[in-house]
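Shown next, in structure tokens, is the structure this report addresses.
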Protein chains: 2
Amino acid sequence: MNDRATALEACDLGWSIAMIGRGYAAVVDPVFADVPRGARGYQLLHTVIHKSIRSQTALADYLGVDRTVMPYFVDDLQAAGLVERQDDPADRRRRIVAATRHGRARYAELSERVLEAERVFFGDLPDGERSAFVATLATMAHRSRELAAQRR
Amino acid sequence: MNDRATALEACDLGWSIAMIGRGYAAVVDPVFADVPRGARGYQLLHTVIHKSIRSQTALADYLGVDRTVMPYFVDDLQAAGLVERQDDPADRRRRIVAATRHGRARYAELSERVLEAERVFFGDLPDGERSAFVATLATMAHRSRELAAQRR
DNA sequence: TATTGTTATACTCTATAACTATA
DNA sequence: TATAGTTATAGAGTATAACAATA
């Protein structure tokens, strides 16, 4: 079947977005088989390592989940030794979520396997098209986070 | 904040895909407030109108849900008068799901409001970038459906 | 024996409500 | 009074298992 022909025919954007979510999960979930909370657990680990988002409420906001689910996430990652809760001296209500040394090492392994899985995900999509897609996707993701936040 | 700068920084593809799912839902869900099963119900209506996918098993496969949930979907859309089950004379096990006249009229209204919502979703993204993104998205969606199907 | 549709049940993920402690 | 974290409970969405009818 011709890809471009189907691209023109498939005007249901919602279906397309749902499908890439499923397809991405299909290639990447095996990588997260042993990661607590799977893909979301990995995203949390990625976030505390790469972003300056540390409190549980801020992490919930960034990951797009309710703040009441964060304790469960952090509990499970902490039990696996991937992150730890640190007291914030500036505000004793706050817990700073930080990756442990083991968490960073595990993240390094996982992120390489994620890259491999993403190559499978994109398949033979031309490099230029892939990089353009990923760039727009990132722009739209940040925009989407704002759109979703407005709903509350 | 500069969009392009954040695009380079955000290398967590899984997070981006999850976010656009949430952002798209945020703009489009109000349109589906009165549609049984919401966005998925609309996708089902879209499919039986635009594709030659009629049996419940084939619809489940296309929409990426287990076939055991289809009876609930079809029941609800049928109760709302949007679709009807027709007997397939060629195979009496099969039920052909077809949009009713009312279903087609409702779909026409809804699809216009969906297009409006999608304009909000894309915001000020340049037309060329948007059309390139949607084209690649459709290609990747079809590819993703195959990837997800391979998992079974 | 395999497939379509169906139903009941169970599981996963997430949100709601209510609480404690700090600010 | 408001906010960060926590806990228990409930809900939405989906899958698993088992069955009847038909191929």
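Everything numeric in this text was worked out from a predicted model, so none of it was measured.
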> How do Asp75(A) and Arg93(A) order along DNA chain D: which one's closest nucleotide is nearer the 5' end?
Replying inline: Arg93(A)

> What is the distance, rounded to the nearest whole Å, between atom CZ of Phe73(A) and atom P of dC13(C)?
Replying inline: 8 Å

> Rounded to the nearest Å, what distance is computed from the CZ atom of residue Arg95(A) to the C1' atom of nucleotide dT3(D)?
Replying inline: 14 Å

> Do the ring planes of Tyr24(A) and Phe121(A) sit parallel (below 30°), tilted (30 to 60°) or perpendicular (above 60°)?
Replying inline: perpendicular

> Between dT7(D), dT22(D), dT22(C), which one does the side chain of Pro71(A) approach most closely?
Replying inline: dT7(D)

> How long is the line joining CG of Leu63(A) and C1' of dA15(C), in whole Å?
Replying inline: 16 Å

>> Once hydrogens and angles are ignored, does a donor-acceptor distance under 3.5 Å link the base of dT4(C) to the side chain of Arg94(B)?
In response: no

>> Is it the case that the base of dG5(D) and the side chain of Arg67(A) share a donor-acceptor contact (distance under 3.5 Å, atom types as modelled)?
In response: yes

> With sugar-phosphate meaning primed atoms plus P, OP1 and OP2, does Thr68(B) contact a base, only sugar-phosphate, or nothing at under 4.0 Å between heavy atoms?
Replying inline: base

>> So for Tyr72(A) and dA15(C), does any side-chain atom that can act as donor or acceptor lie under 3.5 Å from a complementary atom in the base?
In response: no

>> How many whole angstroms separate atom CG of Asp87(A) from atom P of dT6(D)?
In response: 11 Å

>> Check Arg85(B) with Asp75(B), please: is the shortest side-chain N to carboxylate O separation under 4.0 Å?
In response: yes

> Counting side-chain heavy atoms from CB outward, which of dA4(D), dT22(D), dG5(C) is closest to Asp91(B)?
Replying inline: dT22(D)

> Can you tell me how far P of dT3(C) sits from CG of Leu59(B), to the nearest Å?
Replying inline: 18 Å

> Are OP1 or OP2 of dG5(C) and a side-chain N or O of Thr57(B) less than 4.0 angstrom apart?
Replying inline: yes

> In terms of side-chain geometry, is the basic nitrogen of Arg106(A) or Glu109(A) positioned less than 4.0 Å from the acidic oxygen of its partner?
Replying inline: yes

>> Using whole Å, what does the distance between atom P of nucleotide dC13(C) and atom CZ of Phe32(A) come to?
In response: 14 Å

> Touch check for Arg85(A), heavy atoms < 4.0 angstrom, all strands: base, sugar-phosphate only, or nothing?
Replying inline: sugar-phosphate

> Quick one: is dG5(C) close enough that its OP1 or OP2 comes under 4.0 Å of any side-chain N or O from Arg92(B)?
Replying inline: no

>> For Glu112(A), is the CD atom crowded, meaning more than 12 foreign heavy atoms sit under 6.0 Å from it?
In response: no

>> Output the rounded distance in Å from CG (Asp66(B)) to C1' (dG5(C)).
In response: 12 Å

> Would you say the side-chain atoms of Asp87(A) pair up with the backbone N or O of Pro89(A), donor to acceptor, closer than 3.5 Å?
Replying inline: no

> More 5' along DNA chain C: Ala90(A) or Arg40(A), using each one's nearest nucleotide?
Replying inline: Arg40(A)

> In whole Å, what is the span from the CE atom of Met70(B) to the P atom of dT4(C)?
Replying inline: 13 Å

